Amino acid sequence: VNVTARVTQEALTAANPVLDNRAEITLGDARQETNTDSVTVYHPEWTVDKTVSGMTGAMGENGVQSARVGDELTYLVTIANTGNVTITKPVTDVFLIDGEEARPQLHPTEESQGIYENGSITLAPGETAILMSVYTVKATDNQLLNTVRAGSEPEDPEKQVPTDVEDNPDWTVEKQL
């Protein structure tokens, strides 16, 4: 006897991580046969979050603080494995500085040493890594857009952080007669 069963996404999600398949056959009153098999269901899932600190400019209308020339911006990238299988993913961090692309160096924080190497991150289920990059705002910068992506596919999680740069650098003029 061949039986084909279609498994729904809901059943796979509920199986987390083992899906049991049990077949039971009864032949009249004489004999009953039971066979059970289990399949591990893998859910590779992860999240990406990013924050920026170090801005000393004014608060904009959109509630986002702007940066000033000389501000040292610290970007913290948090990647969490929310699935049930170890993941190894490339992590890219791209700055668009007035439309020009630059790639800053990501560095693991002290608690994330050994998890991030050669541009990739390896996380066990439930594990989190925090990476950081630092950028000093230059007088020629007008707008910064920093995007981080964990993975190489277009649908992989990414996080963007736009930063406006104030167009009024601090300076003083003195005149004596």
Side-chain angles (χ1 to χ4, degrees), residues 7-20 38-57 59-60 62-138 140-166:
V7 180
T8 64
Q9 181 61 50
E10 292 81 22
L12 288 175
T13 303
N16 195 15
V18 178
L19 179 65
D20 288 324
S38 298
V39 177
T40 301
V41 178
Y42 296 105
H43 296 281
E45 295 178 316
W46 59 100
T47 60
V48 176
D49 193 29
K50 182 176 220 172
T51 59
V52 61
S53 63
M55 295 177 288
T56 62
M59 192 66 69
N62 58 359
V64 177
Q65 189 173 16
S66 62
R68 290 185 174 165
V69 173
D71 282 354
E72 188 174 89
L73 307 180
T74 301
Y75 293 89
L76 291 179
V77 178
T78 304
I79 302 169
N81 183 347
T82 56
N84 67 353
V85 63
T86 298
I87 58 169
T88 299
K89 294 290 176 188
V91 178
T92 56
D93 192 23
V94 177
F95 270 109
L96 285 180
I97 303 168
D98 300 330
E100 296 293 320
E101 186 175 297
R103 294 198 180 254
Q105 282 292 109
L106 280 172
H107 302 283
T109 56
E110 189 174 320
E111 59 273 3
S112 297
Q113 293 291 328
I115 294 174
Y116 177 74
E117 293 180 11
N118 300 320
S120 286
I121 195 161
T122 299
L123 295 172
E127 199 170 32
T128 298
I130 300 173
L131 309 174
M132 66 180 256
S133 63
V134 177
Y135 179 79
T136 301
V137 179
K138 298 176 185 71
T140 56
D141 296 340
N142 290 310
Q143 186 181 39
L144 308 172
L145 178 63
N146 186 271
T147 303
V148 68
R149 179 186 301 265
S152 57
E153 301 299 322
E155 65 274 4
D156 285 340
E158 74 175 21
K159 187 72 175 190
Q160 290 187 337
V161 177
T163 304
D164 288 326
V165 179
E166 285 187 358

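Values in this document were obtained by computation on a predicted structure and should not be read as measured data.
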TODO: Ignoring hydrogens and angles, tell me if any N or O in the side chain of Thr78 forms a donor-acceptor pair with the backbone of Asp49 under 3.5 Å.
DONE: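 Not at all, since once roles are kept as given, no pair shorter than 3.5 Å links the two residues.
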Open item on the list: Between Trp46 (side chain only) and Ile87 (backbone N and O only), is there a donor and an acceptor less than 3.5 Å apart?
Closed with: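 Not confirmed, Trp46 side chain does not pair with Ile87 backbone.
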Taking all non-hydrogen atoms of both residues into account, name the closest pair between [X] and [Y] and its distance.
| X | Y | answer |
| --- | --- | --- |
| Ala129 | Ser112 | CA-OG, 3.4 Å |
| Ala150 | Lys89 | C-CB, 4.4 Å |
| Leu123 | Ile79 | CD1-O, 3.5 Å |
| Ser133 | Leu106 | CB-CD2, 4.1 Å |

Task: Audit row: Thr122, Thr88, side-chain hydrogen bond (donor to acceptor under 3.5 Å, both in side chains) steps and yes/no - done: CA-CA 4 Å; Thr122 299; Thr88 299; 3.1 Å; yes
- [ ] List the steps and the verdict of side chain to side chain contact (heavy atoms under 4.5 Å, CB included) for Thr74 and Val52.
- [x] CA-CA 6 Å; Thr74 301; Val52 61; over 6 Å; no
- [ ] For Thr128 and Asn81, run side chain to side chain contact (heavy atoms under 4.5 Å, CB included): C-alpha distance rounded to whole Å, both residues' side-chain angles, the deciding distance at 0.1 Å, then the answer.
- [x] CA-CA 6 Å; Thr128 298; Asn81 183 347; over 6 Å; no
- [ ] Just jot down the side-chain contact (heavy atoms from CB on, under 4.5 Å) partners of Glu110, sequence neighbours excluded, or say none.
- [x]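 side-chain contact (heavy atoms from CB on, under 4.5 Å) list for Glu110, sorted by chain: empty.
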- [ ] Sequence neighbours left out, what passes side-chain contact (heavy atoms from CB on, under 4.5 Å) with Thr56? Give chain and number order.
- [x]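 Scan of Thr56 (side-chain contact (heavy atoms from CB on, under 4.5 Å), adjacent residues dropped) gives Arg68, Asp71.
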Side chain proximity check, [X] to [Y], heavy atoms < 4.5 angstrom:
| X | Y | result |
| --- | --- | --- |
| Arg149 | Val48 | no |
| Val134 | Leu73 | no |
| Pro125 | Thr86 | yes |

Open item on the list: Under the criterion side chain to side chain contact (heavy atoms under 4.5 Å, CB included), I'd like the reasoning laid out for Lys138 against Thr136: C-alpha separation, chi angles, the key distance, then a yes or no.
Closed with: CA-CA 6 Å; Lys138 298 176 185 71; Thr136 301; 6.0 Å; no
Task: Residue pair Thr82 / Thr47, side-chain donor-acceptor N/O under 3.5 Å - done: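 Absent: no donor and acceptor within the cut-off.
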Open item on the list: Pair Glu127, Ile115 - check side chain to side chain contact (heavy atoms under 4.5 Å, CB included), show working.
Closed with: CA-CA 10 Å; Glu127 199 170 32; Ile115 294 174; 3.9 Å; yes
